[in-house]
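See below for the structure under consideration.
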Amino acid sequence: MALLSVQNLATYFYTRNGVVRAVNGVSYDLEPGETLGIVGESGSGKSVSCYSLLGLIPMPPGKIVSGTAMYNGLDLLKATPKQMRDVRGSKISMIFQDPMTCLNPYLKIGRQVMEPLIEEGVDKKIAYDRALKALDDVGILDPEERMKQYPHEFSGGMRQRVMIAMALVTEPDLLIADEPTTALDVTVQAQILKLIAELKQRKNTAVIFITHDLGVIAGIADNVNVMYAGGIVERGTTREIFKQPAHPYTQALLDSIPSTHAHGERLFNIKGLPPNLTQEITGCPFAPRCKHAVDACYVTETKLANIGEQHHTACFRFAGGEI
Ligand SMILES: Nc1ncnc2c1ncn2[C@@H]1O[C@H](COP(=O)(O)OP(=O)(O)O)[C@@H](O)[C@H]1O
Ligand SMILES: [Mg+2]
């Protein structure tokens with residue numbers, strides 16, 4: 001049985017400039033122990049689709065307008081604050097892009113890393129030892145001293161490590177990592193990815209890994225959801241996505257990976273811009289940027305079609321063997 005089953009999730013933001021359809025009908029299953037990579041350009045709905053699962057969407061302006069997200073028999077989208085508190089921190093942990101979203105500037109680091117364990121009812125002494133080990137695991141030197149310090153005494157990279165320690169200390173069933181390595185140098189990145197892989201091995205933890213870096217995905221993900229303009233345009237095993245990308249958008253993403261793996265600007269250099277999400281989109285949202293687009297692409301509603309046992313594409317031309 002799936003650990004998490006997301007069906008038809010849609011999250012909109014009602015802003016002064018119109019309704020932003022940030023996530024528009026996303027469905028997928030995640031198995032225990034699976035690592036799912038979510039890739040797509042900035043603004044494609046990667047973060048919002050995951051924040052929606054954990055009650056982290058600011059409402060207003062946000063609203064979850066449809067969907068279910070079943071996790072251990074609980075619909076996360078309808079969870080009470082108490083149910084959500086129980087799930088978060090112990091069963092599902094999240095690593096954010098910005099560490100300050102989850103660190104309290106007024107509390108000592110040690111207390112914060114111990115907190116999710118204390119919440120679970122773990123004995124204080126044991127919680128202390130586990131927090132110490134978690135900080136050591138993420139490469140924080142002199143963790144005993146560091147536990148007595150406040151977030152402002154840590155550099156950006158160090159705060160990121162603290163947040164990762166906080167997320168891993170409870171050994172969750174599901175870890176959602178939102179571009180966790182973007183701000184870290186390459187060595188630390190590798191170390192963090194190794195830690196996540198170890199936890200997976202030991203605890204069969206499932207991981208949702210959000211990134212704009214397809215190179216990172218290749219190394220760790222079992223399956224990949226490719227997102228564009230709030231929807232999944234392709235889903236498949238990592239192998240299939242790399243060997244036989246079945247959506248022109250995925251192909252463009254792969255083409256835009258620089259051969260010498262440099263970080264930054266050169267990733268995702270696809271001509272044109274993603275659509276304005278406040279405007280109703282008819283047809284395929286990628287059509288205006290797609291080199292294979294024909295008239296029908298602008299009017300045919302897209303939906304994911306099976307092209308292999310576990311491979312789906314929203315491109316009807318690809319699914320129909322036209323490209
Ligand atoms: N609080 C908000 N108010 C209005 N629009 C938002 C808000 N948060 C996110 N969005 C919009 O939702 C869309 C998806 O954002 P996001 O999920 O953060 O993209 P990604 O993580 O793929 O870069 C973007 O167009 C973004 O501007
Ligand atoms: Mg994001």
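We count ligands from 1, going down the list as the structure has it; atoms in each ligand are counted the same way.
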Kindly indicate, with the supporting measurements, whether the criterion side chain to side chain contact (heavy atoms under 4.5 Å, CB included) is fulfilled by I196 and F209. CA-CA 10 Å; I196 293 176; F209 202 96; 4.2 Å; yes
Between the main-chain N or O of N223 and the side-chain N or O of E34, is there a donor-acceptor pair closer than 3.5 Å? no
Nearest 0.5 Å please: distance from the NZ atom of K46 over to the CE atom of M227. 8.0 Å
Test log, rule side chain to side chain contact (heavy atoms under 4.5 Å, CB included), inputs T68 and K78: CA-CA 8 Å; T68 55; K78 295 182 185 67; 4.1 Å; yes
Find all protein N or O atoms under 3.5 angstrom from an N or O atom of ligand 1 and list the pairs with distances, or write 'none'.
from, atom 1, to, atom 2, distance (Å)
ligand 1, 17 (O), S47, N, 3.3
ligand 1, 17 (O), V48, N, 2.8
ligand 1, 19 (O), G43, N, 3.4
ligand 1, 19 (O), G45, N, 3.4
ligand 1, 21 (O), S47, N, 2.9
ligand 1, 21 (O), S47, OG, 2.8
ligand 1, 22 (O), S44, N, 3.1
ligand 1, 22 (O), S44, OG, 3.3
ligand 1, 22 (O), G45, N, 3.1
ligand 1, 22 (O), K46, N, 3.0
ligand 1, 22 (O), K46, NZ, 2.9
ligand 1, 23 (O), G43, N, 2.7

Separation between OG (S93) and CG (L199), nearest 0.5 Å, reads 9.0 Å
I38 vs C50, side chain to side chain contact (heavy atoms under 4.5 Å, CB included): CA-CA, chis, key distance, verdict: CA-CA 10 Å; I38 301 183; C50 289; 4.0 Å; yes
Evaluation steps, salt bridge (Lys or Arg N to Asp or Glu O under 4.0 Å), between R21 and E280: CA-CA 9 Å; R21 296 168 183 82; E280 191 95 44; 3.7 Å; yes
To the nearest 0.5 Å, tell me how far I164 CD1 sits from D137 CG. 12.0 Å
How long is the straight-line distance from SG of C315 back to CD of Q251, given to the nearest 0.5 Å? 8.0 Å
Closer than 2.8 Å to the Mg ion (ligand 2), what protein N/O/S atoms do you find? S47 OG
